[in-house]
Amino acid sequence: MPELAEVELTRRVWDIGRGARISRVELHPRCRIFRGLDPETLGPALTGTRLESSEARGKQMLFRFSGNAWVGIHLGMAGSLHVESAKFVPGKHDHFVLRQPKRTLVFRDVRHFGRVLLHLGSEPPAWWQALPPELTSPAFTKRLLEDFLTRRARAPLKAILLMQERFPGVGNWMADEILWRARLPPASTAGGLSALERTRLWKDVRWVCRESFRKIDPDWSYPDSWLFQHRWKPGGDCPRCGLALERATIGGRTTCWCPKCQPARGVPQRSPRKAKG
């Protein structure tokens, strides 16, 4: 499932088409991505309009077109946006295609778990306005986080960070990165955090989200100082202390952490192993 930073990177793909006219809309009307929508309304609503702007929030994207037309896209498990030539011939998984004079904007979804929504009106759709605040915005306050943790005092931190109603767009690797930077063990419960630890968690949620936006590129070249670059490697070491990382299933998801930097409550810390070579 794409995470917040990947959704933002995907959103930028169609930026090249901003200001250009939509000459034709092509789609596979029976595809599941149009569930809850009459796909036949997309052609009349978008043909002749121009793509004006877009934004991402959590795991969703919103594209604004002239003529008060809005298209919402959720990537699902395997959805992706592409830019192809004007002569592009859609394949069987290219379910939503916007033709422009010099290019073709394509939403491709092999597994059909994504979704396309249409809204007509001068204001953004209600479902967009109802989304929780962006984690990098002033609306995501420390008080908002503290109240959420208090209501879920018995839940492990890893599971809490994956709750989309408060942490939109945070997925597996981002949750691990946040907890590693906050030096909090992923299995510890929200109710066990001190006031200082809650503040640190709030700051690191915002920092990881902001920096992931700033640093992400098509090659996923985050700095080597990030846990991201080590959590995927079997036998990988903590980039902060050099100790071997540990992995387990917490909250139903595979989790990676450093037992020294994120010690379990009441468990003595281990010494880092000697560097190889």
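Since the structure is predicted, the reported quantities are computational estimates derived from the model, not experimental observations. Along the sequence shown, residues are numbered consecutively beginning with 1.
Between the side chain of E165 and the backbone N or O of P132, no donor-acceptor pair lies under 3.5 Å. With Q164 contributing its side chain and G169 its backbone, the two residues share a donor-acceptor pair below 3.5 Å. Listed for the W202 side chain is a donor-acceptor partner under 3.5 Å among the backbone atoms of F140. Remark: side-chain polar atoms of H119 are not paired, donor with acceptor, to backbone N or O of N68 under 3.5 angstrom. In this structure, the side chain of E3 engages the main chain of G171 through a donor-acceptor pair within 3.5 Å. Between the side chain of R99 and the backbone N or O of A86 there is at least one donor-acceptor pair closer than 3.5 Å. Checked by atom type and distance alone, the side chain of D94 never pairs as donor or acceptor with a backbone atom of V106 at under 3.5 Å. Between the side chain of S66 and the backbone N or O of R50, at least one donor-acceptor pair lies under 3.5 Å. In this structure, S212 contributes its side chain and C209 its backbone to a donor-acceptor pair below 3.5 Å. Side-chain atoms of R198 never come within 3.5 Å of backbone atoms of A195 as a donor-acceptor pair (strictly under, hydrogens ignored).
The structure places CG of L179 at 6.5 Å from CG of L201, a figure rounded to the nearest 0.5 Å. Taking CD1 from I250 and CH2 from W257, the interatomic distance works out to 4.5 Å, rounded to the nearest 0.5 Å. Rounding to the nearest 0.5 Å gives a distance of 11.0 Å between OH of Y222 and CZ of R214. Between atom CZ of residue R240 and atom SG of residue C258 there is a gap of 7.5 Å, rounded to the nearest 0.5 Å. For the atom pair CZ of F107 and NE2 of H74, the computed distance is 9.5 Å after rounding to the nearest 0.5 Å. The NE2 atom of H93 lies 11.5 Å from the CZ atom of R111; values are rounded to the nearest 0.5 Å.
Taking all atoms of both residues into account, the shortest heavy-atom contact from C261 to C241 is SG-SG, 3.8 Å. For L120 against A45, the heavy-atom pair with the smallest separation is CD2-CB, 4.0 Å. For the residue pair G121 and W70, the shortest heavy atom distance occurs at O-NE1, 2.7 Å. Pairing each heavy atom of S23 with each of T47, the nearest pair is O-CG2, 3.6 Å. Heavy atoms only, all atoms of each residue included: G36 and R115 are closest at CA-NH2, 4.1 Å. In terms of heavy-atom proximity, E52 sits nearest to R18 at O-CD, 3.7 Å.
The side chain to side chain donor-acceptor pair (under 3.5 Å) with D176 is formed by just one residue from the set Q262, K158, R253; it is K158.
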Practice prompt. Report the C-alpha separation of I73 and T10 in whole Å, then their side-chain angles, then the decisive distance to 0.1 Å, and conclude whether the side chain to side chain contact (heavy atoms under 4.5 Å, CB included) test is met.
Written response: CA-CA 11 Å; I73 292 181; T10 301; over 6 Å; no
Worksheet entry | Intermediate values then yes/no, side chain to side chain contact (heavy atoms under 4.5 Å, CB included), V110 and M77 | CA-CA 9 Å; V110 176; M77 294 290 291; over 6 Å; no
Item to complete: Determine, stepwise, if the pair V208 / L135 fulfils side chain to side chain contact (heavy atoms under 4.5 Å, CB included).
Response: CA-CA 10 Å; V208 169; L135 299 174; over 6 Å; no
Item to complete: Given side chain to side chain contact (heavy atoms under 4.5 Å, CB included), test W127 with Q60 step by step and report yes or no.
Response: CA-CA 11 Å; W127 56 264; Q60 302 189 55; 3.5 Å; yes
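Surrounding CD1 of I16 are at most 12 heavy atoms belonging to other residues, nucleotides or ligands under 6.0 Å away.
Two residues are said to be in side-chain contact when any heavy atoms from C-beta on lie closer than 4.5 Å; Q229 and P223 fail this criterion. Looking at P239 and D224, their side chains never come closer than 4.5 Å, going by heavy atoms from C-beta outward. Looking at L37 and L42, their side chains come closer than 4.5 Å, going by heavy atoms from C-beta outward. The shortest distance between side-chain heavy atoms of K59 and L75 does not fall below 4.5 Å. Side-chain contact check for D109 versus C31: every heavy-atom pair is 4.5 Å or farther apart. Between V7 and M61 there is a side-chain heavy-atom pair separated by less than 4.5 Å. Proximity of L105 to F63: side-chain heavy atoms (C-beta onward) are nowhere separated by under 4.5 Å. Counting heavy atoms from C-beta outward, W180 and C238 have side chains that approach closer than 4.5 Å.
Cation-pi check for R231 over W173 is not met; the charged atom does not lie both under 6.0 angstrom from the ring centroid and within 45 degrees of its normal.
Relative ring orientation between H95 and H28 is described as perpendicular, the plane-to-plane angle rising above 60° on a 0-90° scale split at 30° and 60°. Between F148 and F167, the ring-plane angle classifies as perpendicular under the 30° and 60° cut-offs.
Using a 3.5 Å distance cut-off with no hydrogens or angles, the side chains of S137 and R57 do not pair a donor with an acceptor. A donor atom on one side chain and an acceptor atom on the other are not found under 3.5 Å apart for T136 and R210.
L117 and W14 are not part of a single hydrophobic cluster, where members link through side-chain heavy atoms under 4.5 Å apart. Linking ILVMFWY side-chain heavy atoms closer than 4.5 Å, directly or via other members, places M174 and L9 in a single hydrophobic cluster. Under the 4.5 Å side-chain heavy-atom criterion for Ile, Leu, Val, Met, Phe, Trp and Tyr, L46 and V13 are members of the same hydrophobic cluster. Linking Ile, Leu, Val, Met, Phe, Trp and Tyr residues whenever their side-chain heavy atoms come within less than 4.5 Å places I33 and L118 in a single cluster. Linking ILVMFWY side-chain heavy atoms closer than 4.5 Å, directly or via other members, places L98 and F88 in two distinct hydrophobic clusters.
Classification of R143 and D147 as a salt-bridged pair holds, one side-chain N sitting under 4.0 Å from a carboxylate O. Remark: R11 engages E8 in a salt bridge, criterion side-chain N to carboxylate O under 4.0 Å.
Taking the six-membered ring where the residue is Trp, the centroids of W207 and W226 are separated by under 6.0 Å.
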When the side chains of residues 181-190 are checked against the rest of the protein, which donor-acceptor pairs come out under 3.5 Å, sequence neighbours left out?
residue : atom : partner : partner atom : Å
R181    : NE   : E177    : OE2          : 3.0
R181    : NH2  : E177    : OE2          : 3.3
S188    : OG   : P185    : O            : 2.7

